[in-house]
2 protein chains.
Amino acid sequence: MATDKSAPLWERLERPAPAPRQTLSAQRIASAAVAVADAEGLEAITMRRLATELSVAPMAPYRYVSGKDDLLELMVDHVYAGMRLPAGLGWRESLHALAMGTRELMLEHRWLAQLPPQTKLALTPSRMAVAEQTLTALDGLGLDPDTMMGIFRSVDAYVHGAMSHDSAVEAFMSAQSLSTNDELRTELAPLMAWHMRTGRYPTYQHYLRTATRKDDRQGQFDLGLNCLLDGIAARVTI
Amino acid sequence: MATDKSAPLWERLERPAPAPRQTLSAQRIASAAVAVADAEGLEAITMRRLATELSVAPMAPYRYVSGKDDLLELMVDHVYAGMRLPAGLGWRESLHALAMGTRELMLEHRWLAQLPPQTKLALTPSRMAVAEQTLTALDGLGLDPDTMMGIFRSVDAYVHGAMSHDSAVEAFMSAQSLSTNDELRTELAPLMAWHMRTGRYPTYQHYLRTATRKDDRQGQFDLGLNCLLDGIAARVTI
DNA sequence: ATCCGCTCGATACAGTGTACACAGAAGGGC
DNA sequence: GCCCTTCTGTGTACACTGTATCGAGCGGAT
């Protein structure tokens, strides 16, 4: 029986491997790809590069993934599998853990923030598990199902938005070999100075002159997250 | 199309004068690119495609943009220039207008959500203007500058995260020629059914069975936004 | 009239994703 | 023992990408 390409990727993977040959496997492919992306960024992920990394012909991985999109899904699932949310906490602690866990994951794997849209949507088993755990933490609070899912998605949206920005900054810094926030500011200074010289942004200029923790990304993240959780609290406690 | 050196001298001489010069400009380039991306998505944006759209040689636009990244920045600035935030509102209405304006912009130009990270960071004049207007709306409330910027960035992060998801969904739908949410659900049903058959997601399954407004994206967006704004309110009103 | 500099054209190149046909090994039935 | 199907990985090829480079011809300053 031929491999049924119309079946979902995940179903195909869970079918018993009819292959005693086994120099390649979805696992090996995924972790090799993740290793490359972690070390050199998403743009280093190339079917050829992946193949050489696995000491295999360029087209070989196509036996396991139907294309690059599939590969990216596999990578996402691979790293999300490492995320464990502590159970038995209250709703707020659970959402906080969800946010912090996702943040950590996206810091460790900066490429997560630059995936193409169809991959961002991918409903992989590990992601389903995260959703399941979060929904469970929100269960039994008297919320209707739509609100439960809405809360989960809102936190997820905030985390993704914030981390998309943060990891873009960090990718930029490492691309320019900047290691401190001061170096970053120095790098951006000429552009910023030019903007300010137009005189169109007086309030922004005032911010630049008086702010003190301009680049505390962790603090920024916490501020927004706490605001969001506070707002959710008002809807949870009946 | 090649300069045919073997053609008779006289034919070569009578060929139309190569250029009524100033055919290109940053404006023309930006709006042509935006038009293509709006109609066919970001992946249709190709230096060659852009050139043919402008009836010009592939390398011609490089006189105005130093590469594709520059082009994308130009496009971002071009569409953000159309965003006007009403002035004279209170802080909450202003933040709400910022969120809704950005949402509308990202719905109108779905490619905004799939830009590469360095372009997402781009500090273009139009984006600076949006930041300026928002900061102005937050001024005079007794907030310290860091908190002002933090609030602006939090709202922006939420909007980007939420819309990144939403416009990925819509890109997927239009790619599969699905027009209604029911069609979308039908398309995803086999995958979802497979996940559910594993029995690993009981709470998710319960959600699927009992939820009623599963795909009300506007409602989801509003829920999270209102939560966030409520949380901010607690920090604004001292 | 001459020259310079800017704008745009033509060509070329390395690198991308992936379609396609083929080689060889694994294991079951005779 | 053999053969034959089936799966795995190989080799080659193609259309397409971003962009470096060189050169042609116009406009304006000298």
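Keep in mind the model is a prediction, meaning the values are calculated, not measured. Below, read A as the first sequence line, B as the second, and so on, with proteins coming before strands; counting in each chain starts at 1.
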Non-neighbouring partners of A/Asp146 that pass salt bridge (charged side-chain N to carboxylate O under 4.0 Å, His left out), sequence neighbours left out: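 Salt bridge (charged side-chain N to carboxylate O under 4.0 Å, His left out) check on A/Asp146 returns B/Arg213.
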A/Arg217: salt bridge (charged side-chain N to carboxylate O under 4.0 Å, His left out) partners, not counting sequence neighbours: A/Glu170
In this structure, how many angstroms lie between the [atom2] atom of [N] and the [atom1] atom of [X], rounded?
| X | N | atom1 | atom2 | answer |
| --- | --- | --- | --- | --- |
| A/Leu24 | C/dA25 | CG | P | 18 Å |
| B/Arg28 | C/dC8 | CZ | C1' | 13 Å |
| B/Glu43 | D/dG18 | CD | P | 12 Å |
| B/Arg49 | D/dG18 | CZ | C1' | 17 Å |
| A/Leu72 | C/dG17 | CG | C1' | 12 Å |
| B/Leu50 | D/dC16 | CG | C1' | 16 Å |

Restricting to pairs with a member in [range], which pass salt bridge (charged side-chain N to carboxylate O under 4.0 Å, His left out), not counting sequence neighbours?
| range | result |
| --- | --- |
| residues 103-122 of chain A | A/Arg103-A/Asp166 |
| residues 34-62 of chain A | A/Glu40-A/Arg49, A/Arg49-A/Glu53 |
| residues 173-183 of chain B | B/Asp182-B/Arg185 |

Side-chain N or O of A/Thr23 closer than 4.0 Å to phosphate OP1/OP2 of D/dG9: yes
Show me the donor-acceptor pairs, under 3.5 Å and distance only, between side chains in residues 193-200 of chain A and residues at least two apart or in other chains.
residue  : atom : partner  : partner atom : Å
A/His195 : NE2  : B/Leu123 : O            : 2.9
A/Thr198 : OG1  : A/His195 : O            : 2.5
A/Thr198 : OG1  : A/Arg200 : N            : 3.3

Sugar-phosphate only, base, or nothing, as touched by A/Ala60 at under 4.0 Å among non-hydrogen atoms: base
Touch class at under 4.0 angstrom, heavy-atom based, for B/Ile45 against every strand present: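 It contacts sugar-phosphate atoms only.
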Between the protein and nucleotides 19-22 of chain D, which nitrogen or oxygen pairs come in under 3.5 angstrom?
residue : atom : partner : partner atom : Å
D/dT19  : OP2  : B/Tyr62 : OH           : 2.9
D/dT19  : OP2  : B/Lys68 : N            : 2.9
D/dT19  : O5'  : B/Tyr62 : OH           : 3.4
D/dT19  : O4   : B/Arg48 : NH2          : 3.2

Distance-only side-chain donor-acceptor flag, A/Gln218 / A/Asp222, under 3.5 Å: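 A pair is found: one side chain offers a donor N or O, the other an acceptor, under 3.5 Å apart.
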Strand DNA chain D in bracket notation, Watson-Crick/G-U under 3.5 Å with | for pairs to another chain: ||||||||||||||||||||||||||||||
Shortest non-hydrogen separation from B/Ala51 to B/Ala57 and the atoms involved: CB-O, 3.5 Å
By ring pair (Phe, Tyr, Trp, His ring centres under 6.0 Å) - contacts of B/Tyr204 (at least two apart): B/Tyr207
